[in-house]
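Notes for the one structure printed next.
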Amino acid sequence: MITFESSASGGIDLEAIGKIITEKKVSIGVVDHHTLQVERPEEVANQIRAALKHIPAERLMVSSDCGMGREGMSRRHAF
């Protein structure tokens, strides 16, 4: 599996990722840790739908962006 930070970039590389990576599973970040703004469920769902246009469902995994750009989100915000 190869992981990409798709949330912070707005998913601009999804088409290229889908064309180039055809043999491995692809994990895309759908939660951006660089801001304290919490994504609405509709936003996360839209990011996943956008990825499915280019990456087959059987190879698509979802996660969060890595979060190393922040000190960390508080548990209260994460909840």
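From a predicted model like this one, the values you see are computed outputs, not experimental measurements.
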Among all residues two or more places apart in sequence or in another chain, which pass the side chain to side chain contact (heavy atoms under 4.5 Å, CB included) test with E39?
S7, V31, D32, E43, V44
Do S63 and T3 have side-chain heavy atoms sitting under 4.5 Å apart?
yes
I'd like a table of donor-acceptor pairs (distance under 3.5 Å, sequence neighbours excluded) in which one partner is a side-chain atom from residues 9-17, with atom names and distances.
from: S9; atom 1: OG; to: E5; atom 2: O; distance (Å): 3.3
from: S9; atom 1: OG; to: S6; atom 2: O; distance (Å): 3.3
from: S9; atom 1: OG; to: G11; atom 2: N; distance (Å): 3.4
from: E15; atom 1: OE2; to: K19; atom 2: NZ; distance (Å): 3.3

Can you list, by chain and residue number, the hydrophobic cluster partners of M1 when the side-chain cut-off is 4.5 Å?
M61
Please list, chain by chain and in numerical order, all residues satisfying salt bridge (charged side-chain N to carboxylate O under 4.0 Å, His left out) with E23, sequence neighbours excluded.
none
To the nearest 0.5 angstrom, please state how far the CD1 atom of I21 sits from the CZ atom of F4.
3.5 Å
Residue pairs, two or more places apart or on separate chains, that pass side-chain hydrogen bond (donor to acceptor under 3.5 Å, both in side chains) and touch residues 45-55
N46-R49
Suppose we screen for side chain to side chain contact (heavy atoms under 4.5 Å, CB included). Which residues come up paired with L52, at least two apart in sequence or across chains?
I48, A57, L60
